[in-house]
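Written below as structure tokens is the structure these notes are about.
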Amino acid sequence: MVKIVLPDNTERSFSNPISVLSIAKDISPSLSKSIIAAFVNDEIKDTSYIISQDCSLKLITDKEPIALDIIRHSAAHLLAHAVKCLFPTAQVTIGPVIENGFYYDFSYERPFTPDDLREIEKKMSHLVDMNIEISRKELSRDSAVDYFLSIGEKYKAEIISSIPADQTISLYTQGDFTDLCRGPHVPSTSKLRYFKLTKISGAYWRGDSNNEMLQRIYGTAWFTKNDLDAYLNMLQEAEKRDHRKIGKQLDLFHIQEEAPGMIFWHPNGWTLWQIIEQYIRSMYKKYGYLEVRTPQLLDRVLWEKSGHWEKFQDDIFSLESDKRQYAIKPMNCPCHVQIYKQGITSYRDLPIRLAEFGSCHRNEASGALHGLMRVRGFTQDDGHIFCTEEQIQVEVMNFIDMLFEVYGKFDLLNQGVAVKLSTRPVKRIGTDDVWDKAENSLAEALNTKGLEWSILPGEGAFYGPKIEFEVKDCIGRKWTTGSIQLDFSMPNRLGAEYINVDGEKKTAVMLHRAICGSLERFIGILIEHHMGIFPLWLAPIQVAVLNISEKQSEYANGVFARLNKDGIRVLIDISNEKIGYKIRQTTLKKIPYLLIIGDKETENNLVTVRLRDGKDLGSMSIDDFIRNYL
RNA sequence: GCCGGCGUAGCUCAGCAGGUAGAGCAGCUGACUUGUAAUCAGAAGGUCGAGGGUUCAAUUCCUUUCGCCGGCACCA
């Protein structure tokens, strides 16, 4: 007798061991069609799993998010199966589920081509049509290793070899293809109808650039054709928000061959920059920072002292002049320490918060460059807080407040800001005791602020743990914008000290912090987030004055002058074009307000106001327009 | 840096199984004087990313190199 308890607490009994699928059939035939897997005593199992003992059972149908992961994981196997059919000498490695899809890494004698991708996709569909059953079997670790070696899959064998010997290994087989996998999987390939292979790329074996490069194929999979189409369509739409595209359309900036990874800011883009910089500056004031400015070029000796030369010399631009070696500064921290060190600091002076819009250059790997998001010349909204150990937590909390106030102002909070705590890496300085304290104070600050956060183990800098704030771009790539880092190393190396209550010299604690990260990246994020439709306060041009015909040019010029005098960012178009043409041009530039001026307006001293979304606000005096809308 | 793709007019793109290039928009000139997302016409615009090679002939094929795009690795 097997007794099953369902989620609604009803019970069912069966006289013999029974598969999950059979139970689903017993409950309802239609259910058995949509079932993907099941939780048996809260453990996830295949539909073929045989229940032989009393247990709780929750069926997973294709309505549930977790089932999507199963579909995608099975789709990865389907991909590997198809590749093995078409390219028998390809070796399989790993094929995990990722956000919105899956990938599979293969070792093959040549890179896959876009044509291959189409062939593979076709083969996959073929395997789906064949409705191949997917079955599970378990082996001891060593026999699993032997099995994969026997079929020439050395990568698989290597993966399994690193699993403890006493663990049972599960294998999944579909037709003549067998893969190592924890499972669960869909019962048959026919459940995998709605997939698409999206891209190919290289990827290092085990994520290590010292290893050989494998061929990675990415795909996505969904329950229905509608879901798949919607996703692909969403991606297409998202690409229209690409900051590089909008940057061109709105004439914000450009990059050219002679200065890879460095930005030429055009008048519109630079206006946007200035607005942001001024706003951040006002926040420095509010949160007790002192703004400074430090040199671009510093003797290499300083970077050797700080420890950066040793670690990052390949990425530091340097030059020689008058037999001295200089580095173009890759970061501002050592400079801020130099300012801190002028004179003697008392504990009473702490905390000292120095901030700089610090221009930095790093020779980033060519493949890392990405529009405004990853550049070689950038400006950090950099700040360093020198304080005592006791002050760390309060300072971190104040920073978090400041960051969220800023992100709120830029309307970035509704899309979610991911908060990550990066903890001690393997290679590090400082005792475990100090790391314990440091990590705890960061974690406590996050908890006190009631934030949801996750840990990135081992991702901290060698000199201290950090909190990072991540936002996504238009197609879901994650970028770090803000961060705050504890540093046990630099104050010591560069001699940032203060005199404590007892008149003794102590090394100050240093917090590195940035809210935007780099202004370039932050603006890139803003462009994509707002799709170029900036709120009025950020819009490079706020108002466009358009006349209908030449007769009204003079009045239009007056309106322009009036707004311009008030500090409003205004543009005038009195060109010899139809009003429809002018409206189109200014609307494409996402200018918030269009003022239409014809005879009616000129005679009555009015302007007619149109919003960039097409809405007509009617006619009003210039004063009313300024008072009510700007 | 690594794997793959791409580089043609200011922009968006077409073309080329090898015979030195074409459209739309923008810009220019002219006409039109316009009421809420593209007025009409004309002329002009390119060492086909750069270097080298094969060839009678290269934008097209090969090769080197630079840059961009998608990933990987990196990110003080």
Side-chain angles (χ1 to χ4, degrees), chain A residues 103 105 108 110-114 116-117 198-218 239 242 244-245 248-249 251 254-261 303 306-316 329-334 360 362-371 373-375 378 380 382 459 461-464 466 468 475 477 479-480 483 485 487 489-490 512 517-518 521 546-553 575-588 594-601 608-616:
Chain A
Y103 68 77
D105 286 350
Y108 190 52
R110 63 164 176 86
F112 292 123
T113 66
D116 293 334
L117 210 61
T198 48
K199 54 196 172 196
I200 21 184
S201 94
Y204 298 107
W205 167 233
R206 300 209 139 167
D208 185 338
S209 58
N210 295 311
N211 289 343
E212 67 167 297
M213 186 154 261
L214 306 170
Q215 301 302 316
R216 176 170 297 180
I217 298 177
Y218 286 91
E239 274 170 32
D242 191 306
R244 293 162 296 194
K245 209 171 217 168
K248 211 171 264 179
Q249 286 161 359
D251 195 15
H254 86 270
I255 306 174
Q256 68 185 46
E257 284 210 30
E258 289 81 355
W303 306 104
S306 73
H308 291 103
W309 188 262
E310 195 195 349
K311 197 158 193 275
F312 293 110
Q313 55 181 290
D314 290 347
D315 298 332
I316 296 178
K329 78 172 166 187
M331 58 186 333
N332 308 296
C333 345
C360 296
R362 297 178 187 172
N363 196 4
E364 302 284 6
S366 55
L369 301 181
H370 185 100
M373 305 299 202
R374 190 82 183 269
V375 287
F378 54 95
Q380 295 176 317
D382 206 358
E459 292 292 311
F462 70 94
Y463 52 71
K466 60 182 171 187
E468 292 186 76
I475 63 166
R477 283 177 292 230
W479 301 95
T480 297
S483 74
Q485 311 188 6
D487 188 342
S489 162
M490 203 180 299
H512 307 251
S518 89
R521 176 177 294 179
L546 314 176
N547 63 338
I548 285 171
S549 76
E550 214 177 325
K551 279 181 285 175
Q552 307 96 24
S553 316
S575 65
N576 184 10
E577 291 289 349
K578 285 189 161 177
I579 192 67
Y581 177 84
K582 295 186 191 182
I583 286 173
R584 179 178 157 79
Q585 295 309 311
T586 40
T587 304
L588 288 173
L594 310 187
L595 303 187
I596 316 290
I597 290 169
D599 286 338
K600 251 184 351 205
E601 289 78 7
T608 296
V609 184
R610 179 189 156 113
L611 301 182
R612 56 192 150 183
D613 64 6
K615 208 191 219 166
D616 186 358

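Just so we're on the same page: letters track the sequence lines, and every chain starts at 1. Because the structure is a prediction, the values reported are computed rather than measured.
Nucleotide B:rG45 is matched to nothing when pairs are restricted to Watson-Crick or G-U wobble geometry with both distances under 3.5 angstrom. If you check B:rG4 for Watson-Crick or wobble pairing at under 3.5 angstrom, you find it paired to B:rC69. As the counterpart of B:rU39, B:rA31 is assigned, both hydrogen-bonding distances of the Watson-Crick or G-U wobble pattern falling under 3.5 Å. A 3.5 Å limit on both hydrogen-bonding distances identifies B:rG10 as the Watson-Crick or G-U partner of B:rC25. Base pairing annotation: B:rA50 forms a Watson-Crick or G-U wobble pair with B:rU64, both donor-acceptor distances under 3.5 Å. Base pairing annotation: B:rG19 forms a Watson-Crick or G-U wobble pair with B:rC56, both donor-acceptor distances under 3.5 Å.
A:G371 comes within 4.0 angstrom of the backbone, heavy atoms only, and of no base. At the heavy-atom level, A:D616 lies nowhere under 4.0 Å from the strands shown. Using a 4.0 Å heavy-atom distance criterion, A:D315 is classed as a base contact. No engagement by A:K329 is indicated, since no non-hydrogen atom pair under 4.0 Å with the nucleic acid exists. When heavy atoms are screened at a 4.0 angstrom cut-off, A:L546 is found touching no nucleic acid atom at all. Across all strands shown, A:F312 has heavy atoms under 4.0 Å from base atoms, whether or not it also approaches the sugar-phosphate. Nucleic acid contact class of A:S306 (heavy atoms, under 4.0 Å, all strands): none. Residue A:G598 is in base contact, counting any heavy-atom pair closer than 4.0 Å across all strands shown. Note on A:E258: nothing from the nucleic acid sits closer than 4.0 angstrom, heavy atoms only. Using a 4.0 Å heavy-atom criterion, one finds that A:E601 contacts the bases of the nucleic acid, with or without backbone contacts as well. Using a 4.0 Å heavy-atom distance criterion, A:G207 is classed as a sugar-phosphate-only contact. Residue-level contact check: A:P330 touches the bases, meaning some heavy atom is under 4.0 Å from a base atom.
When the P atom is compared between B:rC48 and B:rG22, the two are found 14 Å apart, to the nearest whole Å. The P atoms of B:rA43 and B:rC25 are separated by 15 Å, rounded to the nearest whole Å. The C1' atoms of B:rG30 and B:rA21 are separated by 29 Å, rounded to the nearest whole Å. When the C1' atom is used for both B:rG18 and B:rC62, the distance is 13 Å, rounded to whole Å. Between the C1' atoms of B:rG42 and B:rG27, the separation comes to 14 Å (whole Å). For the P atoms, the distance from B:rG51 to B:rA14 is 25 Å, rounded to whole Å. A gap of 25 Å separates the P atoms of B:rC16 and B:rC56, to the nearest Å. The separation of B:rG46 from B:rA23, taken at their P atoms, amounts to 14 Å, rounded to a whole angstrom.
Residue A:Q585 contributes atom CD, which lies 13 Å from atom C1' of B:rC11 at whole-angstrom precision. Between A:W205 atom CH2 and B:rC72 atom C1' there is a gap of 15 Å when expressed in whole angstrom units. For the pair A:L369 CG and B:rG71 C1', the interatomic distance rounds to 15 Å; values are reported in whole Å. Look at CG on A:L214: it is 13 Å from C1' on B:rA73, rounded to the nearest Å. Across the protein-nucleic acid pair, A:Y103 atom OH and B:rG4 atom C1' stand 17 Å apart, rounded to whole Å. A straight line from CD of A:E257 to P of B:rG67 spans 7 Å, rounded to a whole angstrom.
Between the side chain of A:E364 and the base of B:rG1 there is no donor-acceptor pair of N/O atoms closer than 3.5 Å.
Contact annotation: A:R216 does not reach the phosphate of B:rA73 (side-chain N/O to OP1 or OP2, under 4.0 Å). Note on A:K248: a side-chain N or O is less than 4.0 Å away from OP1 or OP2 of B:rU12. An OP1 or OP2 oxygen of B:rC3 is reached within less than 4.0 angstrom by no side-chain nitrogen or oxygen of A:S201. Between B:rC3 and A:Y108, no contact under 4.0 Å exists linking OP1 or OP2 to a side-chain N or O. Between A:R206 and B:rC72, a side-chain N or O to OP1/OP2 separation shorter than 4.0 Å is absent. Between A:Y218 and B:rC3 there is no side-chain N or O to OP1 or OP2 distance below 4.0 Å. Listed pair A:K578 / B:rC40 fails the phosphate criterion, with no side-chain N or O lying under 4.0 Å from OP1 or OP2. Proximity of A:H370 to the phosphate of B:rG71: no side-chain N or O atom is located under 4.0 Å from OP1 or OP2. In this structure, A:K199 reaches the B:rG71 phosphate: one of its side-chain N or O atoms is under 4.0 Å from OP1 or OP2.
Taking 4.0 Å as the cut-off between side-chain N and carboxylate O, A:D208 and A:R206 do not count as a salt-bridged pair.
Map A:G261 and A:I596 each onto its nearest nucleotide of RNA chain B; the residue landing nearer the 5' end is A:I596. Both A:Y204 and A:T113 lie close to RNA chain B; mapped to their nearest nucleotides by heavy-atom distance, the more 5′-ward contact belongs to A:Y204.
Distance alone, capped at 3.5 Å, is enough to place a donor-acceptor pair between the A:Q552 side chain and the A:S549 backbone. Although no hydrogens or angles enter the test, the distance criterion places a donor-acceptor pair under 3.5 Å between the side chain of A:E601 and the main chain of A:G598. A donor-acceptor contact shorter than 3.5 Å links the side chain of A:R362 to the backbone of A:P330. A:T198 places a side-chain N or O within 3.5 Å of a backbone atom of A:Y218 that can act as its donor or acceptor partner. A donor-acceptor distance shorter than 3.5 angstrom exists from the side chain of A:R521 to the backbone of A:M373, with no hydrogens or angles considered.
With distances taken from any side-chain atom of A:I583 to the nucleotides B:rA73, B:rG71, B:rA37, the minimum falls on B:rA37. Side-chain atoms of A:S366 lie closest to B:rG1 of the nucleotides B:rG1, B:rA76, B:rA38. Checked against B:rA37, B:rA76, B:rU39, the side chain of A:R610 finds its nearest nucleotide in B:rA37. In this structure, of B:rG1, B:rG35, B:rC66, it is B:rG1 that holds the atom nearest to the side chain of A:A365. Taking only side-chain atoms of A:R374, from C-beta outward, the nucleotide of B:rC75, B:rA37, B:rG70 with the closest atom is B:rC75. Checking B:rA76, B:rU33, B:rG70 against the side-chain heavy atoms of A:R477 singles out B:rG70 as nearest. Between B:rU33, B:rC72, B:rC75, one nucleotide has an atom nearer to the side chain of A:E550 than all others, and that is B:rU33. Looking at the side chain of A:M213, the nearest of the listed nucleotides B:rG70, B:rA76, B:rC72 is B:rC72. Counting only heavy atoms from C-beta on, A:P111 has its side chain closest to B:rG4 among B:rA73, B:rG35, B:rG4.
At a threshold of 4.5 Å between non-hydrogen side-chain atoms, the residues A:H512 and A:M490 count as touching. For the pair A:F462/A:K311, a side-chain contact is recorded, criterion being any heavy-atom separation below 4.5 Å from C-beta on.
Partner of A:I579 under the side-chain contact (heavy atoms from CB on, under 4.5 Å) criterion, out of A:I548, A:I597, A:L594: A:I548 alone.
Between A:W479 and A:H370, the ring-plane angle classifies as tilted under the 30° and 60° cut-offs.
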